[in-house]
Chemist: 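Please see the structure below; I have some questions.
Values below: every heavy atom of this structure, side chains too, minus hydrogens, waters and symmetry copies. Naming convention: chains lettered A, B, ... in sequence-line order (proteins, then strands); numbering from 1 in each chain.
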2 protein chains.
Amino acid sequence: MEFKHQATVTLAEVAEAAGVGESTVSRVLRNHGSFSGKTRERVMAAVERLGYVPNRIAGTLASTGSRLVAFVIPSLSNIVFPDVLRGASAVLEENRYQAVFSVTDYDPGKEEALAAAMLAWRPAAVMLAGCEHTEGTVKMLRASGCRVVELLDLDGDALDIAVGFSNRAAGRESAAFLLKRGYRRIGYVGHDLNRDTRAGKRFSSFCETLAAHDAPLVAREILPGASSVENGRLGLERLLARTTDLDAVYFSNDDMALGGYFHCLAKGIAIPSKLAIFGYNGLDIGRATPQPLSTIRTPRVATGEIAAQLVVTNAPPQAVDLGFELIEGATA
Amino acid sequence: MEFKHQATVTLAEVAEAAGVGESTVSRVLRNHGSFSGKTRERVMAAVERLGYVPNRIAGTLASTGSRLVAFVIPSLSNIVFPDVLRGASAVLEENRYQAVFSVTDYDPGKEEALAAAMLAWRPAAVMLAGCEHTEGTVKMLRASGCRVVELLDLDGDALDIAVGFSNRAAGRESAAFLLKRGYRRIGYVGHDLNRDTRAGKRFSSFCETLAAHDAPLVAREILPGASSVENGRLGLERLLARTTDLDAVYFSNDDMALGGYFHCLAKGIAIPSKLAIFGYNGLDIGRATPQPLSTIRTPRVATGEIAAQLVVTNAPPQAVDLGFELIEGATA
DNA sequence: ATGAAAGCGCTAACAA
DNA sequence: TTGTTAGCGCTTTCAT
């Protein structure tokens with residue numbers, strides 16, 4: 001089944017070849033402890049000659065402290081989590097940490113199973129999306145004693161470290177912006193909210209804010225499945241078929257919003273005079289459309305970077321609010 | 001620095017608690033070898049009671065065969081490699097393999113360093129993009145004895161396993177399609193080709209095909225840095241400023257092509273009558289634009305799936321051509 | 001069906 | 001500065 005390693009060079013062989021003890025080789029290789037320059041030369045020469053590659057599995061076991069960081073993320077279908085991974089991996093690589101990942105498909109049960117599998121690797125930290133997890137996940141994570149970092153959502157109690165921003169605030173500010181612009185008959189197009197709890201939080205506080213200003217949500221169209229440009233397009237088409245007098249639509253994210261935008265372009269619906277469009281995420285593509293997308297830009301790469309930084313420095317438990325930026329754009 | 005594990009439950013403690021030997025616990029947990037139903041019960045009860053989480057670091061070391069698969073990928077900035085990872089991770093998770101990754105930024109030297117770091121984890125396989133690697137990388141990979149999978153490019157000699165398609169063929173077919181459509185004054189807008197060798201291969205065979213049909217490339221605009229929608233837009237703007245009589249433009253990928261498409265929308269350039277646009281990748285978003293993007297769809301998720309499948313089944317060395325699909329679209 | 005014991009390749013005291 | 005020696009927590013013969 002798995003690969004059986006063929007005659008790999010071991011540290012003992014390097015020690016033998018260099019004519020020194022094993023621990024000396026270990027010290028030289030990790031540049032830790034003391035050894036003479038001469039010894040160093042001999043060891044490095046032997047390493048070179050034999051083509052020795054240290055075995056970090058063995059090293060980790062012996063030192064009972066790993067440099068693995070485990071990511072348990074909901075999805076790789078859009079750029080959001082790749083952005084987080086990108087930010088984190090840059091920092092982790094600099095610090096000789098190794099990133100491990102698995103994908104939950106927004107399924108809390110799967111999150112629990114995958115987190116358990118991750119823990120078996122004894123990672124230095126487990127990074128998860130958001131702060132809603134099953135009881136089992138929480139219990140297991142707590143018991144593991146490893147660092148836990150919750151990403152991209154600050155609306156809840158952090159287990160250990162949390163890095164991100166408030167999704168509720170994002171929903172609120174989106175609503176406030178549309179109201180300030182004078183829109184009163186507002187609709188919503190979203191993807192499956194039961195699974196994506198962060199989108200759900202944005203939506204509910206969006207609605208609350210509208211209601212508090214006497215302009216309650218007029219209509220909504222929720223599509224099953226993941227967010228996508230095509231679903232955004234389809235959602236807006238359906239929403240407009242049912243509701244003719246909307247003046248603005250809030251989308252669960254930019255992918256969905258771009259779909260809506262394309263629908264308007266295709267149907268000749270004037271934006272924003274006839275219909276305003278507002279998204280979430282602040283994807284680069286939304287800045288290059290003929291009319292820049294009105295949206296909220298989230299610090300995804302920075303979230304990954306900061307999270308990784310806190311882990312490698314073994315920072316104390318804390319919640320880091322990176323905030324977000326409202327992009328006025330030209331579609332609202 | 002790293003986290004020191006606090007009092008973790010070990011297999012020995014489970015054995016003690018269950019009143020059996022360590023090897024018995026090991027057998028039960030891996031469901032391998034023989035043991036009585038009664039013993040099984042007792043072991044599982046102890047596992048449950050103590051909250052035992054097996055240590056795969058120790059397990060891997062003892063069995064000298066790992067279930068780690070290492071991905072050394074160029075970028076996480078667009079959806080291409082996340083798609084590959086997504087396909088692979090689904091298969092790997094089913095088979096209880098674990099994915100590890102790091103990002104090279106299209107730098108061959110960094111690829112070598114990261115591949116070396118990966119090898120230290122003694123993975124079952126290393127997955128790389130394309131088939132151009134430094135001599136050092138090749139030598140190291142060969143010596144490692146672990147499986148090597150080269151992804152998304154079949155134009156070269158595979159080290160071990162290769163899964164993907166021919167980028168040269170993609171460039172060729174793109175050119176043939178534009179010529180068949182009657183375009184003769186064709187330009188190119190691309191990103192840094194020295195780094196992205198696959199885009200470079202597409203471009204060169206695209207040019208060769210044009211030249212072979214007496215319609216050599218008229219102009220090109222190469223932007224430094226990574227591909228992006230904004231760069232595509234900027235690139236087309238610059239190209240058109242210099243060259244007024246183009247009838248079609250080939251882009252290094254869909255991100256770039258969408259930028260060009262948006263530029264035309266914004267400037268009122270009629271597509272495809274005044275200018276045709278052709279991309280590469282077949283991103284979902286290109287299907288939802290008012291005019292579907294003319295492009296080549298690549299099997300990114302399938303590439304990941306097949307690659308993972310071959311690794312978990314320990315398949316013999318081979319090159320798997322998944323092909324690609326030309327999408328006529330409406331922009332060319 | 002089960003247990004004892006010898007490693008897997010390294011790190012980390014502790015001596016020297 | 002260096003070598004010796006225990007483990008780290010498992011898997012895997014090999015007996016029983």
Chemist: Nearest-Å distance, CG (A:Leu11) to P (C:dG9)?
Modeler: 11 Å
Chemist: Closest nucleotide of DNA chain C for B:Gly37 versus for B:Leu61: which of these residues is on the 5' side?
Modeler: B:Gly37
Chemist: Take the C1' atoms of the five end pairs on each side of the helix from C:dA1-D:dT16 to C:dA16-D:dT1, derive the two axes, and give their angle rounded to 10 degrees.
Modeler: 30°
Chemist: Going through the checks in order, is the side chain to side chain donor-acceptor pair (under 3.5 Å) test met by A:Asn167 and A:Asp155?
Modeler: CA-CA 7 Å; A:Asn167 279 271; A:Asp155 302 313; 4.8 Å; no
Chemist: Please report, rounded to the nearest Å, how far the P atom of C:dC8 is from the CD atom of A:Glu13.
Modeler: 11 Å
Chemist: Checking side chain to side chain donor-acceptor pair (under 3.5 Å) for the pair B:Arg40/B:Asn31: CA distance, chi angles, key distance, verdict?
Modeler: CA-CA 9 Å; B:Arg40 205 197 108 86; B:Asn31 196 29; 5.3 Å; no
Chemist: Round to a whole Å and report the spacing from CD1 of A:Ile57 to C1' of D:dT11.
Modeler: 14 Å
Chemist: Let me know the distance between CZ of B:Arg122 and C1' of C:dC10, rounded to the nearest Å.
Modeler: 11 Å
Chemist: Find the distance B:Leu119:CG to C:dG9:C1' and express it as a whole number of Å.
Modeler: 16 Å
Chemist: Can you tell me how far P of C:dT2 sits from CZ of B:Arg40, to the nearest Å?
Modeler: 13 Å
Chemist: To the nearest 0.5 Å, how far apart are CE in B:Met118 and OG in B:Ser144?
Modeler: 13.0 Å
Chemist: So what does A:Ser36 hit on the nucleic acid, given a heavy-atom distance under 4.0 Å: a base, only sugar-phosphate, or nothing?
Modeler: sugar-phosphate
Chemist: Can B:Val311 and B:Met127 be said to form a side chain to side chain contact (heavy atoms under 4.5 Å, CB included), step by step?
Modeler: CA-CA 10 Å; B:Val311 167; B:Met127 306 236 193; 3.9 Å; yes
Chemist: Could you state the CG-P distance from B:Asn55 to C:dG9, rounded to the nearest angstrom?
Modeler: 17 Å
Chemist: Any side-chain N or O of A:Arg30 below 4.0 angstrom from OP1/OP2 of C:dT11?
Modeler: yes
Chemist: Does OP1 or OP2 of C:dA1 have a side-chain N or O of B:Ser34 closer than 4.0 Å?
Modeler: yes
Chemist: Among residues two or more places apart or on two chains, list those pairs meeting ring pair (Phe, Tyr, Trp, His ring centres under 6.0 Å) that have a residue in residues 99-126 of chain A.
Modeler: A:Phe101-B:Phe101
Chemist: Sort me out a list of protein N/O and nucleotides 3-5 of chain D N/O pairs below 3.5 Å, or just none if empty.
Modeler:
unit_1, atom_1, unit_2, atom_2, d
D:dG3, OP2, A:Gly21, N, 2.6
D:dG3, OP2, A:Thr24, OG1, 2.7
D:dG3, N7, A:Ser23, OG, 2.9
D:dG3, N7, A:Arg27, NH2, 3.2
D:dG3, O6, A:Arg27, NH2, 2.4
D:dT4, O4, A:Ser23, OG, 2.9

Chemist: Given A:Glu111, which of A:Thr134, A:Asp105, A:Ile73, A:Val72 fulfils the side chain to side chain contact (heavy atoms under 4.5 Å, CB included) condition?
Modeler: A:Val72
Chemist: Could you state the CG-C1' distance from B:Leu29 to D:dT12, rounded to the nearest angstrom?
Modeler: 15 Å
Chemist: One pair to check against side chain to side chain contact (heavy atoms under 4.5 Å, CB included): B:Phe71 and B:Val126. What are the steps and the verdict?
Modeler: CA-CA 6 Å; B:Phe71 291 84; B:Val126 176; over 6 Å; no
Chemist: State, with a plain yes or no, whether a side-chain heavy atom of A:Arg122 is found less than 4.5 Å away from one of B:Val53.
Modeler: yes
Chemist: What's the separation between atom CG in A:Asp83 and atom CG in A:Asn78, rounded to the nearest 0.5 Å?
Modeler: 9.0 Å
Chemist: Heavy atoms from C-beta onward define the side chain here; which of C:dA1, D:dT11, C:dT11 lies closest to that of A:Ala62?
Modeler: C:dT11
